[in-house]
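Heads up: the structure comes next, in structure tokens.
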Amino acid sequence: KADSPPSSFTLDAIGRIESDYPDKFGIPRQPGLVRASRARLVLLPPYDDPLTVRALEDFSHLWLTFVFHRSPTRWTPLVRPPRLGGNAKVGVFASRSTHRPNRLGLSLVELTGIDTSKGVRLGLRGHDLLDGTPVLDIKPYLPWAESLPEARTGFAPEAPPQRPVVFTSEVEAMLAARSDGDSLRELITQVLAQDPRPAYRNGVEDRRYGLRLRDVDVRFRAEADASGEIILRVVEV
Ligand code: SAM
């Protein structure tokens with residue numbers, strides 16, 4: 001029998017993410033849920049040779065393989081997906097948990113541009129990547145081979161319900177005064193619509209939550225509107 005192949009490998013980050021998400025709290029569970037999120041993938045030497053991305057501009061979406069560098073290296077065979085309320089356990093390989101052997105992440109993201117004026121920087125949109133995330137590989141997305149809408153999806157059938165998000169007039173005024181006010185408002189709205197609170201806290205609460213987005217601290221509260229529906233009110237940015 002041919003000598004058995006190696007079972008441990010050393011991998012090199014080919015780039016690093018600069019993103020709108022400085023903290024894990026608030027990042028959507030999957031890419032595509034917050035299309036307003038932006039990031040840059042800055043390639044690292046020696047991979048920052050413009051030849052490595054020749055013709056990549058012909059693709060609209062990319063698969064990124066990356067490391068959950070802010071997750072523990074310890075893994076367990078069973079994990080508690082937040083989508084199941086944090087109690088039910090499934091096998092780590094039946095989940096997209098960040099606590100997994102090798103800590104490998106895989107995200108399908110939109111490519112918005114390529115800048116090769118100084119090294120290589122890729123503009124990305126609709127991602128779920130923490131600022132600083134090391135990226136191991138980039139591949140073009142091939143819908144004819146990979147888009148399978150009829151595939152079965154077990155316990156994670158579809159995206160979670162979206163919450164209505166409202167802003168106080170003070171916050172509206174603050175956003176109006178910023179040059180990126182519109183895109184920041186869109187980012188805050190789409191992130192909070194995912195209701196980033198822990199699954200078991202999904203009602204009205206008399207407490208403020210804070211999360212960091214881009215360069216601001218967003219403070220919000222969960223309230224009920226006249227019909228009793230939960231809304232998230234941004235009270236401070
Ligand atoms: N789409 C990827 C996948 O399926 O492998 C990630 C799914 S995982 C459930 C998404 C979460 O990973 C985000 O909500 C964020 O909190 C977390 N995350 C993103 N970048 C990370 C990093 N560098 N280290 C640790 N956790 C990270």
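When a ligand or atom number is given, it counts from 1 through the structure's own listing order. It should be emphasised that the depicted structure is a prediction, and the values quoted were computed from it without experimental measurement.
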Which of the atoms in ligand 1, numbered in the order shown and given with their element, are less than 4.0 Å from a heavy-atom of [X]?
X: Gly105; answer: 5 (O)
X: Val67; answer: 23 (N)
X: Lys24; answer: 16 (O), 25 (C), 26 (N)
X: Pro31; answer: 1 (N)
X: Thr133; answer: 20 (N), 22 (C), 23 (N)

[atom]: the protein heavy-atom neighbour that sits closest, reported with distance to 0.1 Å:
atom: atom 10 (C) of ligand 1; answer: Arg29 O, 3.3 Å
atom: atom 25 (C) of ligand 1; answer: Ser71 OG, 3.4 Å
atom: atom 21 (C) of ligand 1; answer: Leu130 CB, 3.7 Å
atom: atom 6 (C) of ligand 1; answer: Asp128 OD2, 3.2 Å
atom: atom 24 (N) of ligand 1; answer: Arg70 N, 3.0 Å
atom: atom 17 (C) of ligand 1; answer: Thr98 CG2, 3.8 Å
atom: atom 3 (C) of ligand 1; answer: Leu106 O, 3.1 Å
atom: atom 27 (C) of ligand 1; answer: Phe68 CD2, 3.6 Å

Any N or O of [X] that comes nearer than 3.5 Å to an N or O of ligand 1?
X: Ser107; value: yes
X: Ile27; value: yes
X: Phe66; value: no

Pro28 and Gln194 have their tightest heavy-atom pair at CB-CG, 4.3 Å
Heavy atoms of Leu104 and Val67 approach each other most closely as CD2-CG2, 4.5 Å
If you compare Gly26, Pro28, Gly32 by their heavy atoms, the one closest to atom 13 (C) of ligand 1 turns out to be Pro28
Taken to the nearest 0.5 Å, the spacing of Ser19 OG from Ile27 CD1 works out to 6.0 Å
So CD of Gln162 and CG of Leu192: to nearest 0.5 Å the spacing works out to 11.0 Å
Got a salt bridge between [X] and [Y], using NZ or NE/NH1/NH2 to carboxylate O under 4.0 Å?
X: Arg163; Y: Glu229; answer: no
X: Asp20; Y: Arg38; answer: no
X: Arg35; Y: Glu186; answer: no
X: Arg214; Y: Asp180; answer: yes
X: Asp215; Y: Arg178; answer: yes

**Prompt:** Does His127 have its ring centroid less than 6.0 Å away from the ring centroid of Tyr21?
**Reply:** yes
Quiz item: Counting heavy atoms not belonging to Arg54, are there more than 12 under 6.0 Å from its CZ?
Solution: no
